[in-house]
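Quick notes on the structure that follows.
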Amino acid sequence: MHQQVEHLFRNEYGRVVSLMTSKYGISNLELIEDVVQDSFLQAMKLWGYQKVPDNPTAWLFRVAKNKLIDNFRRSKKINYVADYIKDEEDTVAELTNNDEINDSELKMIFACCHPSLKPEYQIILSLKLIGGFSNKELAEALLKKEETVAKSFTRAKKQFKEHVQLLKVPVQMALQSRLFIVLRVIYLLFTEGYDATTGSQVLKRDICYEALRLALLLQKNVYCQHPNLEALIALMCFHAVRFDARLNEDGELVTLEHQDRSKYNQELFVIGARHLENAGTQTKIPSRYHLEAAVSYYHCAAKSFNETDWAAILELYDLQLKTQYSPMAALNRIMPLSKVKGAAHALSELDKLEHNNAYESVGLFFAIKAELLAELHKDHKFHLEKAIDLTENELVKKHLSKKLKVATEGLK
């Protein structure tokens, strides 16, 4: 039941918040957040011993709407309600033509990405209101402290209400001016679904498919068509290729090295390759989506882990760091570096990174260091313990714990 409610929250939270904000106005955003969250809490209590409704989304929307209207009545805003309530048929919006985006979540994303707001606020608002991200998840995605994220969200909502009164989507060239931020929102949404920060699942397909759906909706609009969008779609397709191979029959995490490649979705691979080709033929300057999609392409195309073109992947990481440096890209580069130049060289590079970046709270850093030390037949128990301590995802923690057990037994 917990996973079912979590799935509904991830899949429907943004939709319900967006629809209600569209109906009742951005000025009531905080109240809308409260009633939607209350509706999910009510669902958790009721559905624990009652049958889940055939249409849980409609149930959540109706309960949240009734709670909001009750609040309006108590505060004597009922006339305001009458002005803004629309027919129920309007509650599910769609993309109707190439010039107007009516999908409720896309409306909300474009509104959150209003140019009057700081870029950081645009991203935080979008991921909070559309993706239902927790402060912890946002902190991980943006490499910031949870307290900083919470304060930024409060300020962002204040500016949002001051500068953006209605959920109306810009048209024509105005769409393009916000497109790059919108793409980053979709990218971060997909990333959290593919490598969940917290919880009992390492892969949340509903979030991934929702991000892909939003990207495909964007593609239908003539003013949103751009090489970066094509590359992002390709990236998401290539990651989705490996969905079925990432977990074994017991629901445990399977690393890339041990994945059964016969489970890779070849249909999605072909679709992703087509989008990557479209992206590559339209631009001379590759974006991070181009480079990351190309990396994922090589992983999907390799017949086995050992046959992976690690030199090409390393070259792609080098190009990304040269054009758009990021601490996480530098960290992810270490493993292909070890495959090309050896674990000792990679460990030396990792030590240099540690001096120049704040990785003390990044579990992946310690997991990679443990991997390199193990390959060099050195004691790596401390680094595994540190990685486990910093990891909040239960499946990843279990996977690392199994490695720690092997390492501990090896020292006896």
Side-chain angles (χ1 to χ4, degrees), residues 120 123 136-146 148-149 184 187-188 191-192 194-198 202 235 239 253 255-257 286-296 298-299 305 308-393 396-397 399-401 403-404 407:
E120 179 183 314
I123 291 170
K136 170 66 176 177
E137 291 165 337
L138 267 176
E140 289 280 345
L142 302 177
L143 298 179
K144 294 182 178 292
K145 295 181 179 179
E146 288 184 55
T148 302
V149 167
R184 188 178 177 198
Y187 170 83
L188 291 172
T191 300
E192 176 57 29
Y194 190 75
D195 282 309
T197 306
T198 60
V202 72
L235 171 61
H239 280 322
L253 179 66
T255 58
L256 185 62
E257 181 178 2
S287 67
R288 67 178 299 176
Y289 311 123
H290 287 80
L291 297 173
E292 290 185 25
V295 168
S296 191
Y298 282 115
H299 284 310
F305 183 77
T308 304
D309 192 342
W310 293 108
I313 291 175
L314 179 60
E315 187 177 343
L316 288 165
Y317 273 112
D318 287 341
L319 179 57
Q320 181 176 350
L321 292 176
K322 183 178 179 181
T323 57
Q324 38 202 308
Y325 182 88
S326 88
M328 292 309 295
L331 189 57
N332 287 324
R333 173 183 173 271
I334 293 298
M335 291 313 294
L337 178 65
S338 73
K339 300 301 179 184
V340 176
K341 296 189 177 182
H345 181 87
L347 185 61
S348 176
E349 287 294 310
L350 186 63
D351 288 339
K352 292 177 184 177
L353 283 180
E354 185 177 11
H355 290 298
N356 298 320
N357 297 278
Y359 292 129
E360 63 271 6
S361 62
V362 180
L364 179 62
F365 169 82
F366 293 96
I368 290 175
K369 191 161 188 176
E371 189 78 18
L372 295 174
L373 288 169
E375 191 171 341
L376 294 169
H377 305 290
K378 295 183 178 181
D379 183 13
H380 56 287
K381 184 170 172 286
F382 166 80
H383 294 90
L384 276 175
E385 290 173 340
K386 190 71 174 176
I388 292 168
D389 184 55
L390 291 170
T391 298
E392 294 197 21
N393 184 284
V396 177
K397 192 183 286 284
H399 174 73
L400 293 172
S401 296
K403 285 191 171 187
L404 178 61

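Computation of the quantities below employed the complete heavy-atom set of this structure, encompassing side-chain atoms and omitting hydrogens, waters and symmetry-equivalent molecules. Throughout, residue positions are numbered sequentially from 1 according to the sequence presented.
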Self-check item: Test item: Leu235 and Tyr187 side chains (from C-beta on) under 4.5 Å apart, heavy atoms
Solution: yes
Quiz item: Would a 4.5 Å heavy-atom cut-off, applied to side chains only, mark Leu319 and Glu315 as touching?
Solution: no
Quiz prompt | Test item: Glu375 and Leu347 side chains (from C-beta on) under 4.5 Å apart, heavy atoms | solution = no
Quiz item: If we only count heavy atoms from C-beta on, is the Lys378 to Leu372 side-chain gap below 4.5 Å?
Solution: no
Self-check item: Distance in Å, Leu314 CG paired with Tyr298 OH, rounded so as to fall on 0.5 Å steps
Solution: 12.0 Å
Exercise. Nearest 0.5 Å please: distance from the CG atom of Asn393 over to the CG atom of Leu400.
Key: 10.0 Å
Exercise. Search all heavy atoms of Tyr317 against all heavy atoms of Ala329 and return the closest pair with its distance.
Key: CD2-O, 3.7 Å
Practice problem: Specify the closest pair of heavy atoms between Glu354 and Tyr359, including all atoms of both residues, with the distance to one decimal. | Solution: CA-CD1, 4.2 Å
Quiz prompt | From CA spacing to verdict: side-chain contact (heavy atoms from CB on, under 4.5 Å), Leu188, Glu192 | solution = CA-CA 6 Å; Leu188 291 172; Glu192 176 57 29; over 6 Å; no
Quiz item: To the nearest 0.5 Å, how far apart are CG in Leu256 and CE in Met335?
Solution: 10.0 Å
Quiz item: Atom CG in Asp389, atom OG in Ser361: separation rounded to 0.5 Å?
Solution: 11.0 Å
Quiz item: Counting N and O atoms only, with roles assigned by atom type, does the side chain of His290 sit under 3.5 Å from a partner on the main chain of Ser287, one being a donor and the other an acceptor?
Solution: yes
Practice problem: Test Arg288 against Leu291 for side-chain contact (heavy atoms from CB on, under 4.5 Å), laying out the working first. | Solution: CA-CA 5 Å; Arg288 67 178 299 176; Leu291 297 173; 5.7 Å; no
Quiz item: Going by an N to O cut-off under 4.0 Å, is there a salt bridge joining Glu371 and Lys403?
Solution: yes
Quiz item: Looking at side-chain heavy atoms only, is the closest gap between Val362 and Leu390 below 4.5 Å?
Solution: no
Self-check item: Side chain to side chain, Glu392 and Lys397, heavy atoms closer than 4.5 Å
Solution: no
Quiz item: Going from CG on Leu384 to CZ on Phe382, what distance comes out if it is rounded to the nearest 0.5 angstrom?
Solution: 11.0 Å
Quiz item: Which heavy atom in Ala294 sits nearest to a heavy atom in Leu316, and how many Å separate them?
Solution: CB-CD1, 3.6 Å
Practice problem: Find the distance between NZ (Lys369) and CG (Leu353) and round it off to the nearest 0.5 Å. | Solution: 10.5 Å
Quiz item: If every non-hydrogen atom of Ala346 is compared with every non-hydrogen atom of Ser338, which pair is closest and at what distance?
Solution: CB-CB, 3.5 Å
Quiz item: Under 3.5 Å, is there a donor-acceptor pair between the side chain of Asp379 and the main chain of Lys381?
Solution: yes
Quiz item: Hey, does Phe365 have a side-chain heavy atom less than 4.5 Å from the side chain of Met328?
Solution: no
Quiz item: Under the salt bridge (Lys or Arg N to Asp or Glu O under 4.0 Å) test, which residues partner Lys339, sequence neighbours left out?
Solution: none
Practice problem: Decide yes or no for Leu350 and Leu337: does some side-chain heavy atom of the first lie under 4.5 Å from some side-chain heavy atom of the second? | Solution: no
Practice problem: Verify whether the ring centers belonging to Phe305 and Trp310 lie closer than 6.0 Å. | Solution: yes
Exercise. Output every pair passing side chain to side chain donor-acceptor pair (under 3.5 Å) with a member in residues 321-336, not counting sequence neighbours, ordered by first then second residue.
Key: Asp318-Arg333, Tyr325-Asn357
Practice problem: Please determine if Glu120 and Lys144 form a salt bridge, counting it only when a charged side-chain N lies under 4.0 Å from a carboxylate O. | Solution: yes
